[in-house]
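Data block below; observations after.
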Number of protein chains: 2
Amino acid sequence: MTSTDPGPLRPTRQRRAVAEALASFADFRSAQEIHDLLRQRGEKVGLATVYRTLQKLADAGEVDMLRSEDGEAVYRRCSESHHHHLVCRHCGATVEVEGPAVERWTRSMAAEHGYADVSHTLEIFGSCPACS
Amino acid sequence: MTSTDPGPLRPTRQRRAVAEALASFADFRSAQEIHDLLRQRGEKVGLATVYRTLQKLADAGEVDMLRSEDGEAVYRRCSESHHHHLVCRHCGATVEVEGPAVERWTRSMAAEHGYADVSHTLEIFGSCPACS
DNA sequence: GGGCGATTGAGAATCATTGTCAAATGCCTC
DNA sequence: GAGGCATTTGACAATGATTCTCAATCGCCC
Ligand SMILES: [Zn+2]
Ligand SMILES: [Zn+2]
Ligand SMILES: [Zn+2]
Ligand SMILES: [Zn+2]
């Protein structure tokens, strides 16, 4: 090991608040939206702290982060296993989808061309039944 | 038709310059990098114009745009047919990849959940052989 | 050459995100 | 239960990509 283990996050009021907020909605939301939500609930948490917390949670794999069609980072508490998303571009309604074949395909493409250390992003955008 | 056809883009010195720049490299580059490239070549083109031109080309499907891992929009002249990318996260080396099965899969996922008007993004990031 | 809508460019304006740094807070030890 | 100390926070400044503004230019057609 070359680096010191950062250890688990220290539990603070702010981090708890963000975690609770994340548990309270099912669509993808931006840091600013989550900050607003906290404010409405009467929780005082600095915007910078919301950004920092979301980033750490994303690094730890506890939330999923993706970029909306206009490039903003948005976050959502998801299931543990690797999956992708079907996102309504109007209301944000999200469905988690899994595709083992897709996973295999990305790996084989990377291998075929000698790429190492591979990651991938795959999102599907559309209009959900309610918004169509 | 509900809207007036905007018609083809008027050919200007600036747009030609951007098109030539795009033809001169094979990796994905940001608007700013393309602007720098133009400047080095002695072409005077405003940064805003580079942004506008790239956007129009992307809308017209003449270039591909994707977001690098840190969220910046990057552009590349690609082949006509629908495809995805295997991108080196260090040097930008890019391989176009096609996967009919993936296309079918995204369509069927969307259909299964009643999503209409579907689009998808799929990119693979890794370290190319030269950078590994 | 003139008319006119499309295009350009320099700079200001936006806006998400990150950096700064002093003050506040968990946690551990005594 | 106080003290020491590294972590965390928050108000605010700073950054950086992208977009907007609008007068000056340009391409196209007569
Ligand atoms: Zn997810
Ligand atoms: Zn996957
Ligand atoms: Zn492409
Ligand atoms: Zn490389």
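In what follows, every chain begins at residue 1, and chains take the letters A, B, ... in the order their sequences are listed.
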Taking only the side-chain heavy atoms of B:Tyr51 (C-beta and beyond), determine which of D:dT18, C:dT8, C:dT17 contains the nearest atom. D:dT18
Using 30° and 60° as the class limits, which term best fits the ring planes of A:His120 and A:His82: parallel, tilted or perpendicular? perpendicular
Among the nucleotides C:dT25, D:dC12, C:dT8, whichever has the atom closest to the side chain of A:Arg10 is C:dT25
Would you call B:Arg10 and B:Arg15 a side-chain contact if the rule is heavy atoms closer than 4.5 Å? yes
Using whole Å, what does the distance between atom C1' of nucleotide C:dT14 and atom CD of A:Gln32 come to? 12 Å
Rounding to a whole Å, what distance do you find between A:Gln14:CD and C:dG26:C1'? 11 Å
Counting side-chain heavy atoms from C-beta on, which of C:dT17, C:dT7, D:dG10 comes nearest to A:Ala73? C:dT17
Could you check how far CZ of B:Arg52 sits from P of D:dT25, rounded to whole Å? 16 Å
Side-chain N or O of A:Thr12 closer than 4.0 Å to phosphate OP1/OP2 of C:dG26: no
Over 12 foreign heavy atoms within 6.0 Å of CZ, A:Arg41: yes
Donor-acceptor side-chain pairing of A:Arg89 and A:Ser68 below 3.5 angstrom: no
Where each residue is assigned the nucleotide of DNA chain D containing its nearest heavy atom, which of B:Arg13 and B:Val74 is assigned the position nearer the 5′ end? B:Val74
Regarding A:Glu33, tell me which of base, sugar-phosphate or nothing describes its non-hydrogen contacts under 4.0 Å with the strands shown. nothing
To the nearest Å, how far apart are B:Glu43 CD and C:dT8 P? 13 Å
First encountered from the 5' end of DNA chain D, between B:Glu72 and B:Arg16: B:Glu72
Going by the salt bridge (charged side-chain N to carboxylate O under 4.0 Å, His left out) test, which pairs reach into residues 90-114 of chain A, not counting sequence neighbours? A:Arg76-A:Glu96
Value in whole Å for how far the P atom of C:dA16 lies from CG of A:Asp70: 9 Å
Test item: side-chain donor near acceptor, A:Thr94 and A:His85, under 3.5 Å: no
Charged N to carboxylate O under 4.0 angstrom, B:Arg67 versus B:Glu72? no
What nucleotide, of C:dT17, C:dG11, D:dA17, holds the atom closest to the side chain of A:Arg67? C:dT17
Every stem of 3 or more Watson-Crick or G-U pairs under 3.5 Å that DNA chain D joins, in order of first number, is C:1-30 with D:1-30
Base, sugar-phosphate, or nothing for A:Arg15, non-hydrogen atoms under 4.0 angstrom? sugar-phosphate
Check this one for me: any side-chain N or O of A:Ser30 less than 4.0 Å away from OP1 or OP2 of C:dA16? no
Once rounded to the nearest 0.5 Å, what's the spacing between atom CD of A:Glu43 and atom NE2 of A:His35? 11.0 Å
A:Lys44 NZ - C:dA24 C1' separation (whole Å): 16 Å
Side chain of B:Gln55 only, please: which of D:dT19, C:dT17, D:dG10 is the nearest? D:dT19
In whole angstroms, the gap separating P of C:dT17 from CG of A:Leu47 amounts to 9 Å
Whole-Å distance separating the NE2 atom of B:His35 from the C1' atom of C:dG9: 10 Å
